[in-house]
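Being a predicted model, the structure only gives us computed values, none of them experimental.
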Amino acid sequence: MLRVAVPNKGSLSEAATDILTEAGYKQRRSTKDLALTDTANEVEFYYLRPRDIAVYVGEGTLDVGISGRDLVLDSHADAEVIVELGFGASTFRFAGPPGIADSVKDLSGKRVATSYAGVLKDHLAENGVEASVVRLDGAVESAVQLGVADVIADVVETGTTLRQAGLEVFGDPILRSEAVLIKRQGVETPPNGLDQLVRRLQGVLVARNYVMMDYDIRVEAVDAANEVAPGLESPTVSPLHREGWVAVRVMVPRAEAQRIMDQLWDIGARAILTTDIHACRI
């Protein structure tokens, strides 16, 4: 069976379970369950600490896993990304007291506190900066106030927590992260079931990001409509009983659906409808 690691807690856990459920896989009903076997799909799921998943996959103990890109890079595990999953987005940045630094180049000789020592050390080395890295497991934003560090490097969402601690973001982002599906690096022959898992996950991502749009339009306006909504390959065009009119069906990006509907209306499309896509294979 395909052995899959899933985050057991944290911001990635619920979203990872949701996407696997949408992809047709059985998932645990209780957070106390450490493993689950989906016999119908021949997959074994193991629920692990997000930070440990890349290590298990990199060592080959498990075949694939869902984790954050930041955690994968921080672990230095022998794992590689095979699918970007589109959730769990975060930005890893420097922050410190106002005026202490403008960029990573200003951190030479300073103490930098972080929960992502591997990512930070790599970034400092890439920029030729020698600084002291203070590794903490949590509450990094308190490190400056408590005198443990001069600046911090941490995941920043709204920045509210940083401002409450008297800190402000500076410099370019260190890393932009999101949830990813990973496998052991250098494995040429994929384990049984991996291709199916990838296809299913990609199908869910397409279904989440696209809608199906149907509309009626005069034949002479079809080319103009295709310019507005070309679809993934090309629209499906079917003749209507009303002479000179056709029905068109096409996939469009969900985020652009309203704008596309307006443009199609302007060139003569009518009876424009959108429907959700629940599953697909592209």
After noting the C-alpha distance and the side-chain angles of I66 and V180, does the key distance pass the side chain to side chain contact (heavy atoms under 4.5 Å, CB included) rule? CA-CA 6 Å; I66 294 176; V180 293; over 6 Å; no
Are side-chain heavy atoms of [X] and [Y] found at a separation under 4.5 Å?
| X | Y | result |
| --- | --- | --- |
| Y25 | V4 | no |
| L124 | E130 | no |
| F45 | T37 | no |
| I19 | L205 | yes |
| H123 | V104 | yes |
| I100 | V144 | no |
| D154 | T161 | no |
| R29 | L36 | no |

For [X] and [Y], indicate whether the former's side chain and the latter's backbone hold a donor-acceptor pair under 3.5 Å.
| X | Y | value |
| --- | --- | --- |
| T114 | A153 | yes |
| S13 | G10 | no |
| S132 | R111 | no |
| D106 | S103 | yes |
| K110 | A101 | no |

Shortest non-hydrogen contact from [X] toward [Y]:
| X | Y | result |
| --- | --- | --- |
| A54 | I182 | CA-CD1, 3.7 Å |
| V129 | K105 | CG2-CA, 4.0 Å |
| I277 | M251 | CD1-CE, 3.8 Å |
| S75 | V55 | CB-CG2, 4.4 Å |
| G166 | P98 | O-CD, 3.6 Å |

Is the CD atom of E220 crowded by more than 12 outside heavy atoms at less than 6.0 Å? yes
Run the side-chain donor-acceptor check on residues 77-95: report pairs under 3.5 Å with partners two or more places apart or on a different chain.
{"from": "E80", "atom 1": "OE2", "to": "K183", "atom 2": "NZ", "distance (Å)": "2.6"}
{"from": "E84", "atom 1": "OE2", "to": "R69", "atom 2": "NH2", "distance (Å)": "2.7"}
{"from": "R93", "atom 1": "NH2", "to": "G171", "atom 2": "O", "distance (Å)": "2.5"}

Under the side chain to side chain contact (heavy atoms under 4.5 Å, CB included) criterion, do D122 and V119 qualify, and how do the steps go? CA-CA 5 Å; D122 290 344; V119 171; 5.8 Å; no
Linking directly or through intermediates, with side-chain heavy atoms under 4.5 Å: list the remaining ILVMFWY members grouped with I260, chain and number order. V211, M213, Y215, I217, V219, V222, V228, V237, V246, V248, V250, V252, M261, L264, W265, I267, I272
I'd like to know if [X] and [Y] make a salt bridge, using a cut-off of under 4.0 Å between side-chain N and carboxylate O.
| X | Y | result |
| --- | --- | --- |
| R3 | D63 | yes |
| D276 | R254 | yes |
| R200 | E22 | no |

Test side chain to side chain contact (heavy atoms under 4.5 Å, CB included) on V57 and V64; report intermediate values, then the result. CA-CA 6 Å; V57 173; V64 294; 5.6 Å; no
Distance only, no hydrogens: is a donor on one side chain within 3.5 Å (strictly under) of an acceptor on the other, for R28 and N8?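 Absent: no donor and acceptor within the cut-off.
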So which pairs with a foot in residues 44-62 pass side chain to side chain donor-acceptor pair (under 3.5 Å), sequence neighbours left out? Q27-Y47, E44-Y46, R49-D52, R51-D74
Audit row: L73, Y116, side chain to side chain contact (heavy atoms under 4.5 Å, CB included) steps and yes/no: CA-CA 9 Å; L73 294 175; Y116 298 82; over 6 Å; no
